[in-house]
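Each remark here refers to the structure printed beneath this line.
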Amino acid sequence: MPTAKAGWISRKDSVFIAIIAGLSFILENSIGLALLPLASSIPLVGGTLSAIPDAAIIFLGAYLVPRRGAVLLFATILFTLSIVTPSFGPPGFYKIFIGVALGSLFELLLLFNRSTAFYILSAGLAFSASVPMTYTAWTVFGLPGVETLRSKLPLLMAIYFVEGLLGGLLGSFLFKTRLSRMAAVQKMRSAA
């Protein structure tokens with residue numbers, strides 16, 4: 001049930017989005033960082049472990065609040081929380097730029113279409129785009145691991161794209177089979 005014309009997020013939406021971003025942050029910094037000791041020589045590999053459930057959470061956060069600014073706020077909060085963690089690279093404020101870029105990309109994609117299938121595709125594209133955006137941020141800010149990451153860009157982008165799609169499909173399945181029946185969810189999706 002996509003919305004015909006999306007308005008802007010409300011204060012109530014912002015609280016919900018912050019909670020969902022917090023859940024994503026917890027997931028990324030528990031499951032996602034479990035691989036870090038095993039894959040410390042290959043940047044961004046740890047995130048492949050948590051990508052599918054994380055993409056499901058991100059899909060649901062975006063899909064449950066189908067209004068402009070939702071994904072941008074989500075990504076900005078998530079990457080701001082990640083400043084002090086090894087998610088997306090060494091701790092640093094550069095992560096906010098990655099979050100704003102990814103949130104903006106997702107928002108831009110949703111200007112074209114807000115169907116369920118397009119939300120799923122946008123999740124895959126945003127996950128894939130996180131790899132070159134991280135690479136670009138590391139390059140601009142002179143972070144270690146840039147050379148190692150450069151050679152892995154195509155492979156990691158493909159992996160993250162597929163995992164983003166699978167996570168989006170999982171989120172869509174959860175929405176259709178469970179969440180869509182809840183009155184609170186119906187109210188949130190239809191709120192102006």
Side-chain angles (χ1 to χ4, degrees), residues 17-18 20-62 70-110 118-171:
I17 291 164
I20 297 296
L23 289 173
S24 180
F25 174 76
I26 290 168
L27 179 68
E28 286 181 5
N29 287 286
S30 55
I31 297 172
L33 295 180
L35 276 181
L36 193 61
L38 301 173
S40 59
S41 63
I42 305 170
L44 301 181
V45 169
T48 61
L49 185 61
S50 65
I52 293 173
D54 197 22
I57 291 171
I58 292 168
F59 169 88
L60 287 171
V71 182
L72 179 58
L73 179 61
F74 179 97
T76 303
I77 292 171
L78 175 61
F79 280 80
T80 300
L81 291 171
S82 298
I83 286 172
V84 296
T85 72
S87 284
F88 292 91
F93 287 100
Y94 69 93
K95 294 178 186 182
I96 297 172
F97 297 106
I98 299 170
V100 169
L102 287 173
S104 298
L105 172 65
F106 206 123
E107 293 281 351
L108 181 65
L109 291 169
L110 292 179
F118 209 74
Y119 270 90
I120 294 167
L121 176 63
S122 296
L125 290 172
F127 265 69
S128 180
S130 71
V131 178
M133 287 182 184
T134 300
Y135 172 78
T136 301
W138 287 13
T139 302
V140 169
F141 289 93
L143 299 173
V146 172
E147 292 304 318
T148 306
L149 184 55
R150 182 184 315 175
S151 64
K152 307 284 188 243
L153 282 174
L155 177 61
L156 286 171
M157 286 176 68
I159 290 169
Y160 274 98
F161 177 72
V162 170
E163 290 185 324
L165 286 178
L166 291 173
L169 286 167
L170 175 61

List for me each residue that meets ring-ring contact (aromatic ring centres under 6.0 Å, His included) alongside Phe88, sequence neighbours excluded, and say none if there are none.
Phe79

Between the CD1 atom in Ile17 and the CG atom in Leu73, the distance rounded to the nearest 0.5 Å is 5.0 Å

Ignoring hydrogens, what is the shortest heavy-atom contact between Leu27 and Ser50? Give both atom names and the distance.
CD2-O, 4.0 Å

I need the minimum non-hydrogen distance between Ala75 and Gly99, along with the two atoms involved.
CB-O, 3.2 Å

Any donor-acceptor pair under 3.5 Å from Glu107 side chain to Val71 backbone
yes

Separation of Leu110 CG from Leu105 CG (nearest 0.5 Å):
9.5 Å

Apply side-chain contact (heavy atoms from CB on, under 4.5 Å) to residues Leu149 and Leu156 and explain how you reach the verdict.
CA-CA 9 Å; Leu149 184 55; Leu156 286 171; 3.7 Å; yes

Going by atom type alone, with no hydrogens or angles, which donor-acceptor pairs under 3.5 Å involve a side-chain atom of residues 158-167 and a protein atom two or more places apart or on another chain?
unit_1, atom_1, unit_2, atom_2, d
Tyr160, OH, Leu44, O, 2.5
Tyr160, OH, Thr48, N, 3.4

Mind checking what makes side chain to side chain contact (heavy atoms under 4.5 Å, CB included) contact with Ala126, not counting sequence neighbours?
Phe106

Can you name the nearest heavy-atom pair linking Ser151 to Pro154, along with the distance?
O-CD, 4.3 Å

Lys95 side-chain N/O to Gly89 backbone N/O, donor-acceptor pair under 3.5 Å:
yes

Rounded to the nearest 0.5 Å, what's the gap from CG on Leu23 to CG on Leu78? Could you check?
11.0 Å

Look up atom CG in Leu102 and atom OG1 in Thr76, then write down how far apart they are to the nearest 0.5 Å.
9.5 Å

Is the shortest heavy-atom distance from the side chain of Tyr94 to the side chain of Val140 under 4.5 Å?
no

May I have all residue pairs that pass side chain to side chain donor-acceptor pair (under 3.5 Å) and include part of residues 123-136, sequence neighbours excluded?
Tyr135-Arg150

Hey, what do you get for OG (Ser87) to CG (Leu81), rounding to the nearest 0.5 Å?
10.5 Å

Residues in side chain to side chain contact (heavy atoms under 4.5 Å, CB included) with Ala101, at least two apart?
Met133

Least distance between heavy atoms, Leu60 atom then Gly171 atom
CD2-O, 3.3 Å

Quick one: CD1 on Ile96 to CD1 on Ile83, what's the gap to the nearest 0.5 Å?
3.5 Å

For Leu109 versus Ser122, what's the shortest heavy-atom pair and its separation?
CB-OG, 3.5 Å

Considering residues at least two apart in sequence or located in another chain, which fulfil the ring-ring contact (aromatic ring centres under 6.0 Å, His included) criterion with Phe118?
none

